[in-house]
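One is the number of the first residue; the rest follow in order along the sequence. Predicted model only: the values in this text are computed from it and were never measured.
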Amino acid sequence: MNILMSSTSYPEDLQDWRGRFIANLAAGLARREDTELSLWAPPGELPAGVAPASTPSDARWLGRLSQQGGIAHLMRTRKVFALGTILALIGRLGSVYRRHPADVAHVNWLQNALPLWGSKTPALITVLGTDFGLLRLPGMKMLLRSVLKQRTAILAPNAEWMRPALEKAFGDVAEIRPIPFGVDDPWFAVARRPTEEPLRHWLAVTRLTRNKIGDLFDWGDGLFGEERQLHLFGPMQEELELPRWVKYHGATHPRDLLERWFPTACGLITLSRHDEGRPQVMLEAMAAGLPVLASDLPAHRDLLQHRHTGWLAASRDALCEGLGWLEDPAHNQHTGQAARKWIKDSVGTWDDCAGRYAAAYRSLLERRA
């Protein structure tokens with residue numbers, strides 16, 4: 001199967017955190033014998049067996065877009081500028097869809113499907129949590145429906161909780177098939193040794209925006225300090241004042257988390273209010289056996305079983321109780337082991353994920369035939 005994948009995010013090098021899941025997915029698909037993958041994405045090292053679909057001009061433009069934080073970030077911070085960027089994106093994507101005939105177009109993010117209008121290429125469209133903000137824009141659902149009506153299509157959210165809203169909006173013009181992402185093998189191999197370091201080290205790994213931080217700074221005041229430390233990792237995408245008790249490390253790389261922090265920390269914490277799909281760092285933490293304490297969002301409820309594979313907090317009191325509960329060594333070990341088993345059984349590796357996508361491609365081609 002000849003697959004053309006489009007993405008506006010991709011890691012520039014091995015140290016880059018942006019679009020890491022796209023690189024992992026592309027590598028998983030490239031290892032399969034039944035797919036030939038071409039990728040239109042910002043410049044970066046492509047996995048063996050993946051052909052570039054970007055022109056030099058596209059690559060330079062996508063690189064600048066990536067440096068600016070991507071479409072979603074521009075829509076939050078520079079709305080007028082974002083409009084021109086979106087129009088330029090639509091033009092460039094329309095050109096690549098016409099220039100690269102494919103059996104299936106694999107489109108990441110809903111807005112990247114709009115330039116398919118006028119073609120009949122079957123499409124698999126990955127839907128992420130940020131896409132729900134896009135769907136709230138006037139006329140967006142109507143535009144997407146017009147594109148979907150022209151082809152066989154699968155909308156593939158990366159979490160089950162998104163299915164009802166997508167069924168309501170698009171279920172009559174496309175199949176809704178949740179396809180979870182995978183996890184790299186090394187995360188499953190992490191050897192947890194929390195007793196060798198203080199258990200009371202908590203990690204937050206996130207882009208720094210008000211919605212992604214959520215209630216963490218407000219609820220955490222008085223709960224974190226020198227004895228119970230909060231280590232915060234991620235790029236500063238909005239100007240936020242950090243409390244003095246936060247130990248901020250800036251942007252990080254998965255290898256640092258994998259080798260230094262995940263083995264010894266007490267847990268991962270996220271109190272996000274952001275439109276979440278299924279946060280990759282939470283999957284990786286669970287695969288590593290690192291307990292997760294999260295805000296009570298649909299995306300988090302879809303992933304965590306309260307008091308079994310993690311802890312859900314809807315209030316400061318619940319956060320305080322969850323911190324104490326997970327700092328108990330027996331609870332910490334049981335929760336981490338249960339989370340790892342659930343990820344292994346229900347999510348699997350990136351090769352498992354690539355298999356799910358390949359099955360969806362075959363379904364599209366069979367239905368078209």
Checking M140 against L114 for the side-chain contact (heavy atoms from CB on, under 4.5 Å) test, could you report, in this order, the C-alpha distance in whole Å, the side-chain angles of both residues, the deciding distance, and whether it holds? CA-CA 9 Å; M140 186 56 63; L114 293 176; 4.0 Å; yes
If the threshold is 4.0 Å, N to carboxylate O, is there a salt bridge linking [X] and [Y]?
X: R99; Y: D58; answer: yes
X: E226; Y: R200; answer: no
X: R316; Y: D215; answer: no

Parallel, tilted or perpendicular for [X] and [Y], by the 30°/60° rule?
X: F224; Y: W245; answer: parallel
X: W187; Y: F262; answer: tilted
X: H106; Y: Y361; answer: perpendicular

So if you build clusters from Ile, Leu, Val, Met, Phe, Trp, Tyr with side-chain heavy-atom gaps below 4.5 Å, do [X] and [Y] land together?
X: M5; Y: L46; value: yes
X: M162; Y: L155; value: yes
X: Y248; Y: L257; value: no
X: I22; Y: M282; value: no
X: W109; Y: L37; value: yes

Side chain of [X], backbone of [Y]: donor and acceptor closer than 3.5 Å?
X: N332; Y: L326; value: yes
X: D184; Y: P186; value: no
X: T152; Y: P122; value: no
X: S9; Y: G19; value: yes
X: R177; Y: I154; value: no
X: R278; Y: L303; value: no
X: D352; Y: T349; value: yes

List the atom of [X], the atom of [Y], and the distance in Å for their closest heavy-atom pair.
X: L304; Y: G310; result: CD2-CA, 4.2 Å
X: R163; Y: I176; result: NH1-O, 3.3 Å
X: Q150; Y: W117; result: NE2-NE1, 3.1 Å
X: A102; Y: T121; result: O-CG2, 3.7 Å
X: A53; Y: S38; result: CB-CB, 4.3 Å
X: Y10; Y: A41; result: CB-CB, 4.0 Å

[atom1] ([X]) with more than 12 external heavy atoms under 6.0 Å:
X: Q333; atom1: CD; value: no
X: R145; atom1: CZ; value: yes
X: E36; atom1: CD; value: no
X: E45; atom1: CD; value: no

W261 ring center near H249 ring center (under 6.0 Å):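 Centroid distance W261-H249: below 6.0 Å, so yes.
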Do W202 and H231 have ring centres separated by under 6.0 Å?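 Here the rings of H231 and W202 have centres that are no less than 6.0 Å from each other.
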Determine, for W325 and R307, whether the Lys NZ or Arg CZ falls below 6.0 Å from the six-membered ring centre while staying within 45 degrees of the axis.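 Flagged: R307 positioned over aromatic ring of W325.
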Without hydrogens or angle criteria, can the side chains of R151 and S119 be said to hold a donor-acceptor pair below 3.5 Å?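 Judged by distance alone, the side chains do pair up.
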Is it the case that R92 and T55 place a side-chain donor and acceptor less than 3.5 Å from each other?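 Note: R92 and T55 side chains miss the donor-acceptor criterion.
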Residues S6, V96; criterion side-chain contact (heavy atoms from CB on, under 4.5 Å); working and verdict: CA-CA 9 Å; S6 61; V96 74; 5.7 Å; no
